[in-house]
Q: 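Have a look at the structure that comes next, please.
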Amino acid sequence: MVHQMRPSLNSDIFAFAVKWNFVGKGEKQLSLEVGDAVHIQEACEGKKNTSEPEDFIFPASFVHLKEVIIEKRGNEEVVISAEMPLVKEVTTTLREWGSIWKQLFVANKDERVKQVRKLMWELMEWRSQLLSGTLPSDEFKELKQKVTSKIDYGNKILELDQVVRDEDGNILEPERASVISLFRAHEDATTKINERIKEEQVQIENHSGISARIQSSPTHSLYVFVRNFVCRIGEDSELFMSLYDPNKQTIISENYLVRWGSKGFPKEIDMLNNLKVVFTDLGNKDLSREKIYLICQIVRVGRMDLKEMNNKKCTQGLRRPFGVAVMDITDIIKGKLECDEEKQFFIPFFPKTEQHKTNKKKTKQNFPFLKLNLHPGLWVTMKALVGDIVQIRKEYPHLVDRSTVVARKLGFPEIIMPGDVRNDIYLTLQGGDFDKYNKTTQKNVEVIMWVCDEEGKVIQNSICLGAGDKAVSEYRSVIYYQIKQPRWMETFKVAVPLEEMYRIHLRFMFRHRSSQESKDKSEKNFAMAFVRLMKDDGTVLQDGLHDLVVFKVRNRIFAGNNVSGSGGGLSVSSRDSFTISTLVCSTKLTQNVGLLGLLKWRTRPELLRENLEKLKIIDGEEVVKFLQDTLDALFNIMMEHSQTDDYDILVFDALIYIIGLIADRKFQHFNTVLEAYIKQHFSATLAYKYPILRTLKALEYIFKFIVRSRMLYSQLYEGKEQAEFEDSLKRLFESINNLMRTDYTTTLLLRVLTNTHLATTPKCTSLHFLAFIIDFLMESFLLFKDLIGKHVYPSDWMAMIMVQNRVFLRAINTYADTMNQMFLNNDDFEVQLWNNYFHLAVAFITQESLQLQHFSPTKRNKILAKYGDMRRLIGFAIRDIWYKLGSHKICFIPGMVGPILEMTLIPEEELRRATIPIFFDMITCEHAHSGNFQKFEDEIILKLDHEVEGGGGDERYMQLLETMPQVQHFVALVKGLLVRLLDYRTVMSDDSRNNRMSCTVNLLNFYKDINREEMYIRYLYKLRDLHLEGENYTEAAYTLLLHSRLLKFEFHGSQTQRQLKETLYDTIIDYFDKGKMWEEAITLCKELAEQYENEIFDYELLSKRLEKQAKFYENIMKILRPKPDYFAVGYYGQGYPPFLRNKVFIHRGKEYERREDFQNQLMSQFPSAVRLNTTTMPGDDIRNSPLQYIQCFTVQPVLEIPPRLKNKPVPDQIINFYKSNYVQRFHYSRPVRKGPVDPNNEFASMWIERTTFTTVYKLPGILRWFETTLSPLENAIETMESTNEKILTMINQYQADWSLPINPLSMLLNGIVDPAVMGGFAKYEKAFFTDEYTQEHSEDRDKLLRLKDLIAWQIPLLGGGISLHGKRVTDDLRPFHERMEECFKQLKKKVEKEYGVREDLPPESPISWNSTLPRSSGSVSIVEGGVVTVGDAEVKLRKSKKKKKRSSMIFITEERERMNTLDCKRVRMSSSGLREEKMARMSGCDGMV
C-alpha cells in the first residue's frame, strides 16, 4: 500500500495531545506517554501494511488534534494551546499535583493522599464541564469561581506558589499590573485562602485541627451533656457540676445545678435528655493549667441520716453532703483527646462519709447500694469548643442553642468585649468554728443567708445557687453532723441591680438543726453575722477572705425567722468565728478608688486632675476590665471641656497610656476590643481638634479615633470646619517633615536637601555631586541586600518575589553602568563601593527564590518563560566587571574569594563556565603581587568547607575545575578536598555512625597533610563527639590526644597553651579510664607529674596525680579486662561510596561482642547488601558489580611485645593486655585440600592457608577500625620469609626426631622445586621482576632486592632439606626423591645464575629450634628448660620456687628484627603428619595473601 505524505502548511504546526502510551521499537519511532504534546509537520494517510518496514514515527490514532496559537519570540516559534486559559491552568495544575500525589503515596501520607485525590477528581470533573461548552453564562461563572477557589486551596495545602487573580478569576499577569495592585492582589488572595482553610477545618474537625484551633484562639468553652445519674439514694438530690484545678485547689467556673428527684429522674421532667451546659470564658491561661477536673458534688435533701426509717418524726428538707464524682478532663479540654457529641464518659461516684464515720461497715450501712455492688456515677458527653458563647452558638447550633445553660468562669475572660456588661458577686462559705455552749454534743450548724437592704428587708430573687437554676431569696447551707469546725466550701452568686449595690448587705443566721422534727421546731437562731458589699468610698468589697464578726443572738426577734429585726439583743461572741470569701466580676463596680473617681468624675469634679494623674499608676488589668467605661469617661471629659485646654494634655496622656497598655504583649488580645469600641461605641465628635502631635506614640489607634471623630462631626454638621481640619493635618505633616530635618547628618534625606544648596563653583559642585552619588549607591546597595536577605514577602508569593527581583536586576545593572563610567579610574576608584556591589550581586544570585534546581519542572518552566534565568545575567556582569578592575583586583583578595566561590557552586553550567576562571585570575593577581597565592588558597579552603557542608558542590563542579590546566596544584588541592567533603556531606544524614567517622577521619587527615591546623582541630572534635555518642571512650581519648600533641608545656609569657594542654590531658585520662586503657593513662600521668615536679613545682597537684596513677596500676593487676575480638570486613561492589568501595577493614569489637551480633549490626547499616559466606577473595565480577557485598569473619591479632618487657619476668595481667592492644597485624587461617584425598586418612591431603592483614595504624586508635595496607610485593616478601622459615623449622624437627613421618617434608620440598606444582616463586618473577613494574614502582627498589635475596637464600635451605630427605626416604619413594633432586638441580642453576650464590644459612635465622610444648590452661606453668607458646609468640620459662607467693612470671625472648617469629605457630593435624602452607595470592588486592 502506497503512503501518501501530506505536508502541513508553512505557517501551521499541528499540535496533538497524546491519548495512549506508545512504545517505539523501530529506529525512527518516537515513544509517547499520555499527556505529552507533539508537533507534527507531515502526516501519512491510510493504514499501515504489516508487511512493510516500520518506517513510521507513531500511529495517528494515538494522538488527538487540538487547536493551537503560534507566537514568535525572537527567532523561536512557540506553540500554545488555543484552549481557554482556565482549562490550560487546570491541566497544568493536575499534572503538577499528580507528581506530588505520587510522592505523597510513596511517603505513606495516607490522609493527604486521599485529600489530594479528591481535589483532583473534582478538578477533572469540572474541567470536562468547562470543555463541554454547554453551560449558561451564570453557571459558567459560578463554576469558574469554584475551580479557581479549589486550585488556590490545593496549592496552599501542597505548599505550592500562590496564584493571584483579577476580579474575573483570571491569572493576573505581573507585566500588566502595577506593583501596588499586584501586592494588594496577593493580600486579598491570602485572606481568601486562609478563610477557606478555616472553613475546611471546621468541616473536618479532626483531632489535630481542633488542637491547633484551641491553641490559636483566646477563648474556649467546654460543652457537657448530662445523660444520666445512676445512684439509688431514695431522696431528692442536688448535683453541682463545676471545673476544678486540683493543684491550686480552686474552683474555676460557676456551678451548674441539676435537681435530681428521688425516683431517678430530674425533678423537672421536661429537662430529661436536655441537661446541657457550656462552661465558657476559659482562656489560654486556663488551658495551660497542669490539670483540670470536672467535679460533681452531690447534696442529699431530706433526713439527717438515711438509716432513719420513721419519716414522720424526722426533720425533712435538710441539705446533707452525699458524695462527689470526679474526672480528669485535661486532655479533652486541651484538644489532645478526640471526642464527639455521641461518645459518653462514665464518672464514678465516691460517697462522702462524716469525719467520725470512717470504717467500711458504717459506710455500707449509710449507703446500702454499696452492698448491691452497684456502680453509681454520672454519664456525660463532652466536647471542647473554640470561641465565646456568641461564636459557638453560631458554629455549633446543633449542640448549643438558646436552652443550653451557660456557666461562666469565676473571674473575667481574657478578652472583655464592649457591651459585655457583667455584675456578679461570687460568695463562698469557707468555714466556721462554733462552740457547743450548754449542749452535750457539737452542733449541727446550718447557715441561712439573705440579701437585705439598709432597712433589713430581703431583696427578692437575688441569690443564684448555680447556673440553670432559678434565683431564690434565701440560701441554706449543707449541714455537717456534730462538727465543731464545719468547712462548707459552697459557692453561689449574688446578683442585685447596680443602683441598689450601695444600700445592701448580706446577713447570715446560724441555727442548730435536730434530726427529730419536734426538737428541730424548738431550735432558734443562735448567732448572726453580716457584711456590706459597698465601702464608704464607693468601691466594692475586696476579693479574698473575710473573717466576719459573729454576734450572739439573745433577742427573739433575731432568734426567729424575722430578718428585718434591728436594735438590741446582739452581743459579740468571742467563742464563735465565721469566714467567707468573695470574688467580684463586674464591669461596672471597681475595687480601685482612683479608677472609681475617674469613672464618676462628675460627682467630684474638683478631684478630676488628680484622678487623671492617678490613672497611670493603676494596675493595667483593672484598667482593661473597664476599658469601655474608661474611654467613655475620657472622651466625655474632653467634650465637656472643649472650650478650655485645662485637661487636654492629661486626657491625651491617659489615652496614650491606655493604648500603650493594649500594645503591650500582655494585653495584646484586647486589640479587637479597641477596634470594636472605635467602630461601634465611640461617639466623640470633637476629639479630632486636639493636639495631634502627642499621639505619635500610639499613632495607629489615635488616627483611627481622629478619622472616626471627623467623620461623625461631618455627618452631624454637614462638613463644617473642613478647612480647619485640613489645616491641622497640614501642620502635622510639616511637623513630621521638620522632624526629618534634625541634626542627624548621615541620613540620605538631609544629604539630598543639602545638595540643593551647594556652592556654585564647578569643582565644589562636582565633588559634592560625587559624594552624593557614592552615598546614594552605598545606601541603595545596603537596602537591596537587606531586602533580599530578610524575605519581605511570604515564600509562596512567587510572582511578587520575581517582580521584586526583576526591579533589583534592572537597578543593579543600571548602577553598575554608572560605576563603570564614574568610579573605575585610579583617581576615583572606591574600594568599599565596589565591594558592596559585589556582595549585593552575589547575594542576589544566591538567594533561595532564584535557585531553579530546587523547583518542580512546572514552576521552573514558568519562571524561565516569564523572567529567564536572572542568575546568568548577574553572573556574567560580575565576570565582566571583575576583568575591568585591572590592578585594583588585589584589593578584593581574599575578601571576594568566598562570595565568588558561593556563586560558582550554583549548579548552572553556563554560569559556572563563565565564573570559575575568575579563580585563576585571582591566583595570577596575588602571585604577581606577593610571589605566591597563599591568602587565596587559605580562604578558598575555609569557604569551600563551609559551602559544601551547607549543600553546595557536586561531581560536575570537579570536572569543570579540571579544565584549568594552568594551576594543577590548586586544582588537585580543591578536587581532593571536594571529594572528601562530598563524601562527608553524603553520610552526615546517614544512620551509620561508622561511615560518618570514616569521612571525618578522611577530612582531618587531609587538613593535616596540607597544614590547615584550625580545620584539622575542628574535625578532631567532631570525631570526638561521634565517639562519645557511641561510648567509644578509648577512641575519643586517642582523638583528643592528637590535639594535645599540637600544644606545648613551654612558657611563652601566656599560660593559655599550657593550661589547655593540662585540661586536655585531664579529659583524655578520664576517657582512657572509662575505656580501661590504664597503660595509656599512666603514660600521660607521668608526663603531667614531670611538669608538676620539675617545671611548675605544684606538689599538691603532683600528689593527686600520683594517687590517680597508683589507682591505675592497681586496676591493671586486679580488674579483669575482657579481650575484644577483631573482625575483617570487606566492602565489595560499586554500590558503596568511594571510601568503602572494594576495601578491607579490620574492626575492633566491643567487650563480649560476638561475630554474629557484629555482623547483624553491620548488615543493618547496609540493608540492601548481600552477605558473602566465604572467606576467599571475591573475583572481579563482584568487585565491578553495581550491587553491595559484605564479607565478615574473625581474625586473630598478632602479639607485638614492647621492647621494655623482653627478657624480663612479666605477670599474666600485663602480657595479656598486649595480646589484643597495640596490634597492627592479624592472621586468618583456613584448611584447604590439595592433591588426591586419602579416604583412610583425610589429614594426608589437608593444607592450611593463612592470610595476613596489616592495618595502616595500630588498634586501638582514633577509630575502631582501620584499612588494611599490605601491597602485593610486601605480601610476596612476607610469604617468602615464612616459607624459608618453615623449611628451616622442619629440617630442625626432622634432625631432632627421626621417628617423624617423611610425608610432610616430602610435600613441602616438592611443592617448591617441582614446576608442575607451581608452589615456588616463579609467579613472583612474572609479577615483579619486569621492566614495566620497575618503571612504575621505582619506590619499591629495596623491596625487590629483598625478595631476590630471599629467593637466593631458599636454595641452600632446599639443598639441606633434600639431603635430609634422601637419608630418610624409603625404597618405594626413591623414584619420587630422584625426580625431586633433578628438579632442584635445574632450579639451583637458574637461581644462582640470576640472583647469586648463598653459601651459608641466613644470618637472621636461628641455627636450631627446640621442640614446642603445648600450653596449659590458666596461668603459665613452670617447665624446666622448656618453651611455651604465648599467643603466636614463643617464650622461654625459667624455674621458680616462688610460685605461690606471686603470679606466674614469664621471660620474653628477643623479638626478631623481622616478624618471622610470629608466623611460626604450629598447627597439629594428626599424630602421623603435619602439612602447612602459607599460600600467597598474587591478585593484587589489599591485605589478602
Side-chain angles (χ1 to χ4, degrees), residues 740-741 744-789 804-847 850 868 870-900 902-903 911 914-915 917-919 921-922 924-926 928-929:
M740 297 296 291
R741 295 183 183 181
Y744 185 58
T745 56
T746 59
T747 63
L748 181 61
L749 176 61
L750 184 58
R751 291 179 181 272
V752 174
L753 295 174
T754 304
N755 275 285
T756 61
H757 304 289
L758 292 176
T760 57
T761 60
K763 182 177 180 181
C764 184
T765 302
S766 176
L767 291 175
H768 280 283
F769 179 71
L770 287 176
F772 165 71
I773 293 296
I774 291 173
D775 288 346
F776 174 77
L777 291 174
M778 294 274 276
E779 297 208 17
S780 297
F781 290 162
L782 293 176
L783 174 64
F784 288 177
K785 192 170 184 294
D786 191 48
L787 290 174
I788 291 171
Q804 174 186 262
N805 287 335
R806 188 170 58 188
V807 172
F808 287 162
L809 177 64
R810 292 172 181 170
I812 293 171
N813 287 336
T814 302
Y815 294 162
D817 293 340
T818 302
M819 291 166 63
N820 279 331
Q821 297 172 11
M822 302 181 63
F823 302 109
L824 201 55
N825 298 326
N826 292 334
D827 297 336
D828 300 323
F829 192 81
E830 288 286 338
V831 175
Q832 189 59 45
L833 179 63
W834 283 103
N835 189 64
N836 285 5
Y837 165 79
F838 282 126
H839 279 84
L840 169 63
V842 173
F844 178 85
I845 204 174
T846 56
Q847 64 174 300
L850 292 182
M870 300 184 190
R871 300 175 300 177
R872 285 190 187 182
L873 300 176
I874 290 291
F876 295 161
I878 292 174
R879 176 200 59 187
D880 297 340
I881 289 176
W882 173 262
Y883 289 122
K884 292 179 181 178
L885 294 178
S887 60
H888 299 295
K889 294 175 185 176
I890 194 63
C891 302
F892 304 98
I893 302 173
M896 281 304 300
V897 173
I900 296 296
E902 189 178 359
M903 176 178 62
L911 178 63
T915 53
I918 295 178
F919 290 144
D921 195 58
M922 286 182 167
T924 305
C925 179
E926 186 182 358
H929 183 266

Q: State, to 0.1 Å, how close Val842 and Thr846 come at their nearest heavy-atom pair, and which atoms those are.
A: O-OG1, 2.6 Å
Q: Quick one: list whatever passes salt bridge (Lys or Arg N to Asp or Glu O under 4.0 Å) with Asp786, sequence neighbours left out.
A: Lys790
Q: side-chain contact (heavy atoms from CB on, under 4.5 Å) with Gln832: which residues, sequence neighbours excluded?
A: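 Partners of Gln832 by the side-chain contact (heavy atoms from CB on, under 4.5 Å) criterion, ordered by chain and then number, come out as Met778, Asn835, Asn836.
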Q: Run the side-chain donor-acceptor check on residues 805-813: report pairs under 3.5 Å with partners two or more places apart or on a different chain.
A:
from	atom 1	to	atom 2	distance (Å)
Asn805	OD1	Gln847	NE2	3.0
Asn805	ND2	Ile801	O	3.4
Asn805	ND2	Ser849	OG	3.3
Asn813	ND2	Leu809	O	3.3

Q: Write out all pairs satisfying ring pair (Phe, Tyr, Trp, His ring centres under 6.0 Å) with one or both partners inside residues 871-891, taking only residues at least two apart or from two chains.
A: Phe829-His888
Q: What distance separates Ile788 CD1 from Leu840 CG, expressed to the nearest 0.5 Å?
A: 5.0 Å
Q: Lys785: what forms a salt bridge (Lys or Arg N to Asp or Glu O under 4.0 Å) with it, not counting sequence neighbours?
A: none
Q: Determine which pairs satisfy salt bridge (charged side-chain N to carboxylate O under 4.0 Å, His left out) with at least one residue from residues 874-896, sequence neighbours left out, and list them in order.
A: Lys889-Asp921
Q: On a heavy-atom basis, which atom in Phe919 and which in Val897 lie closest, and how many Å separate them?
A: CE2-O, 4.3 Å
Q: Ignoring hydrogens, what is the shortest heavy-atom contact between Gly895 and Pro899? Give both atom names and the distance.
A: O-CD, 3.5 Å
Q: Could I get the full list of side-chain contact (heavy atoms from CB on, under 4.5 Å) partners for Thr915, not counting sequence neighbours?
A: Met903, Thr904, Leu911, Ile918
Q: Tell me, please, which residues at least two apart from Arg871 pass salt bridge (Lys or Arg N to Asp or Glu O under 4.0 Å).
A: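 Checked Arg871 against salt bridge (Lys or Arg N to Asp or Glu O under 4.0 Å); matches are Asp869.
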Q: Nearest 0.5 angstrom please: Ile878 CD1 to Met896 CE, how far?
A: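 The distance works out to 6.5 Å.
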Q: Which residues pass the ring-ring contact (aromatic ring centres under 6.0 Å, His included) test with Phe892, sequence neighbours left out?
A: Phe838
Q: Please confirm whether the backbone N or O of Met819 pairs with a side-chain atom of Trp834, one donor and one acceptor, at under 3.5 Å?
A: no
